[in-house]
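All remarks here apply to the structure that follows.
Note that the numbering runs from 1 along the sequence shown for the chain. Please read all numbers here as calculations on a predicted model, not as lab measurements.
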Amino acid sequence: MAHDILIVDDEADIRALIAGILEDEGYSTREAAHSDAALEAVRARRPSLIIQDIWLQGSKLDGLGILEAVKAEHPDVPMVMISGHGTIETAVEAIHKGAYDFIEKPFKTDRLLIIIERAIEAARLRRENQELRLRIGGATAVGDMVGVSAYVQQIRQIIEKAAPTNSRVLITGPAGSGKEVVARIVHAHSKRADAPFVVLNCAAMHPDRMEIELFGSEHGHDGQDGQRKVGTFEQAHGGTLLLDEVADMPLETQGKIVRVLQDQTFERVGGTKRVEVDVRVIATTNRDLQSEMAAGRFREDLFYRLNVVPMRVPALRDRKEDIPHLARHFMFLAAQAAGVQPRTLGEDALAALQAYDWPGNVRQLRNVMDWLLIMAPGEQAEAVRADMLPSEIGAITPVVLRWEKSGEIMTLPLREARELFEREYLLAQVNRFAGNISRTAAFVGMERSALHRKLKLLGVNTDDKAR
């Protein structure tokens with residue numbers, strides 16, 4: 001299949017020239033004259049490469065702004081920047097923000113084609129490497145942290161500081177919030193990134209098997225004739241061991257883990273020889289370990305050895321501004337795995353997703369994107385609307401977001417219909433921004449005080465959250 005290249009330039013003759021050159025070489029091309037058209041084209045179908053002019057007349061975003069917007073959602077899409085008024089500073093800035101290369105106009109055809117070929121090949125090799133690392137457990141399944149919220153920014157900052165060290169990390173948060181993803185990112189950004197990343201799910205392991213899984217066993221242990229079993233500590237030598245849901249580990253095993261963390265040595269079950277390892281330990285839990293310690297179910301000495309660098313991953317309902325980014329990201333991953341084009345998510349669908357509380361957190365959102373790709377009605381090119389969402393989300397979706405299914409508004413006089421629409425619209429926006437009146441006011445284009453008065457007049461009660 002021909003590589004799909006998006007050409008973004010405000011000059012139609014330049015777009016046509018580049019398109020002609022590329023089509024002669026067997027590429028498929030699309031064109032956009034400004035940022036709105038460019039971003040819409042990317043959302044409609046992820047291109048193989050983007051050729052992006054720096055200066056765009058009559059565009060909301062310039063080329064660098066488009067570069068940042070695309071890289072935020074599709075970091076692996078290579079972008080080649082072009083400009084007739086380029087400077088060294090501009091080129092350096094573009095490369096720093098993720099551009100593959102920078103070409104000055106007028107450019108030579110051969111140079112353009114070579115750079116495009118190299119950029120596409122580099123992207124292909126990067127994808128293959130990521131897939132290989134995923135298969136051997138060396139990288140996260142969903143890439144880097146996705147989102148723009150203060151929570152995500154804080155996690156990124158902690159990872160940036162903690163990852164290069166050998167410090168142990170304790171990651172807490174509700175089930176499905178992405179704790180293992182964070183652990184994988186810590187490993188991927190560490191000096192151990194090329195070494196193994198091994199996961200032991202303590203919650204899924206039978207207590208009687210826990211020590212064998214951790215430390216391994218010698219040949220013939222318990223009368224068995226099987227070969228010596230290598231435990232997860234040994235498997236992770238030189239790399240990272242993730243103790244997933246560590247609060248489910250038996251107390252006796254917790255005591256042995258304390259010794260291993262202190263000495264970096266252990267004995268296999270049924271053995272007498274001490275095995276030396278060099279392992280960084282990361283632990284996760286969805287429980288309150290302070291309460292677990294108070295109840296005598298978790299060792300205090302283990303807690304303090306694991307809790308060198310604490311990290312809290314919030315519930316998805318507490319980072320609703322990340323939902324559009326996560327939803328688009330998961331939709332792309334689902335489409336990539338299925339070998340089809342991703343469905344575009346309409347603004348009403350995104351607003352409905354933001355209004356939902358997500359008891360299953362990020363894991364549930366990813367499952368919903370998988371479901372939408374397969375089950376959402378309509379053509380593949382048609383945007384997913386709010387009324388196409390699964391029933392558990394649609395049941396709580398504000399009426400204004402599924403208006404096509406409701407004839408109620410058509411039965412009311414104009415004044416009552418307007419009031420109903422305003423109430424439902426503002427309620428949906430307040431929910432969308434998690435009760436933050438300041439952000440809601442900025443989005444709907446009202447003064448904060450005016451919005452407060454309007455909400456009170458319409459009988460909408462809300463707790464103003466300032467975060």
Side-chain angles (χ1 to χ4, degrees), residues 137 140 145 154-193 195-205 207 209-216 231-267 275-314:
T140 171
M145 286 295 293
Q154 183 181 39
I155 291 172
R156 287 192 185 118
Q157 291 172 359
I158 297 174
I159 291 174
E160 184 178 351
K161 293 180 180 179
T165 73
N166 282 321
S167 298
R168 290 183 284 275
V169 180
L170 178 61
I171 306 170
T172 59
S177 58
K179 299 186 294 297
E180 183 176 336
V181 168
V182 173
R184 288 183 179 274
I185 295 170
V186 171
H187 172 76
H189 290 210
S190 73
K191 296 176 182 177
R192 301 170 178 262
F197 180 88
V198 180
V199 180
L200 178 66
N201 189 332
C202 302
M205 190 64 56
R209 293 285 304 173
M210 183 67 69
E211 291 188 21
I212 292 177
E213 292 299 325
L214 280 167
F215 309 125
T232 51
F233 261 106
E234 208 168 342
Q235 294 172 32
H237 176 64
T240 303
L241 172 62
L242 172 62
L243 299 177
D244 193 24
E245 300 303 341
V246 69
D248 290 287
M249 184 179 291
L251 276 171
E252 183 180 352
T253 306
Q254 291 178 29
K256 295 184 178 181
I257 290 289
V258 171
R259 182 68 181 270
V260 176
L261 295 180
Q262 177 179 328
D263 300 337
Q264 291 278 294
T265 65
F266 61 88
E267 292 180 2
V275 180
E276 294 186 6
V277 290
D278 174 18
V279 175
R280 181 184 194 174
V281 172
I282 300 176
T284 70
T285 181
N286 60 19
R287 298 190 193 178
D288 180 353
L289 291 187
Q290 296 290 345
S291 299
E292 293 295 305
M293 288 189 291
R297 292 189 293 265
F298 198 81
R299 291 178 61 113
E300 187 173 340
D301 51 357
L302 178 57
F303 172 78
Y304 288 114
R305 290 194 181 276
L306 294 176
N307 195 41
V308 178
V309 179
M311 221 182 283
R312 174 74 182 175
V313 181

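Between the side chain of K179 and the backbone N or O of G173, at least one donor-acceptor pair lies under 3.5 Å. A donor-acceptor pair under 3.5 Å is absent between the side-chain atoms of R280 and the main chain of R168, judged by distance alone. Of the possible polar contacts, one joining the H237 side chain to the D278 backbone as a donor-acceptor pair under 3.5 Å is found. Formation of a donor-acceptor pair under 3.5 Å by the K191 side chain with backbone atoms of N166 is not found in this model.
Within 6.0 Å of CD on E160 lie no more than 12 heavy atoms contributed by other residues, nucleotides or ligands.
Using cut-offs of 30° and 60° for the angle between ring planes, the F215 and F233 rings count as parallel.
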Give the table of side-chain donor-acceptor pairs shorter than 3.5 Å for residues 241-251, with sequence neighbours excluded, one pair per line with atom names and distance.
residue : atom : partner : partner atom : Å
D244    : OD1  : T284    : OG1          : 2.5
E245    : OE1  : N286    : N            : 2.9
D248    : OD1  : R287    : NH2          : 2.5

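A distance of 12.5 Å separates NZ of K256 from CE of M210, quoted to the nearest 0.5 Å. Once rounded to the nearest 0.5 Å, the distance linking CD of Q290 with CD of E292 reads 11.0 Å.
Remark: E300 pairs with M293, Y304 by the side-chain contact (heavy atoms from CB on, under 4.5 Å) rule, at least two apart or across chains. By the side-chain contact (heavy atoms from CB on, under 4.5 Å) test, S291 is found to be paired with D288, residues two or more places apart in sequence or in another chain being considered.
A heavy-atom distance below 4.5 Å is found between the side chains of I171 and I282. A 4.5 Å side-chain heavy-atom check between I159 and H189 finds at least one atom pair inside the cut-off. At least one side-chain heavy atom of L200 sits less than 4.5 Å from a side-chain heavy atom of L214. No side-chain heavy atom of T240 sits less than 4.5 Å from a side-chain heavy atom of R184.
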Q | Worked verdict on V260 versus V281 for side chain to side chain contact (heavy atoms under 4.5 Å, CB included) | A | CA-CA 10 Å; V260 176; V281 172; over 6 Å; no
Q | Evaluation steps, side chain to side chain contact (heavy atoms under 4.5 Å, CB included), between V182 and I155 | A | CA-CA 8 Å; V182 173; I155 291 172; 4.3 Å; yes
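Checked for salt-bridge contact, D301 and R305 miss the test: no charged N lies under 4.0 Å from a carboxylate O.
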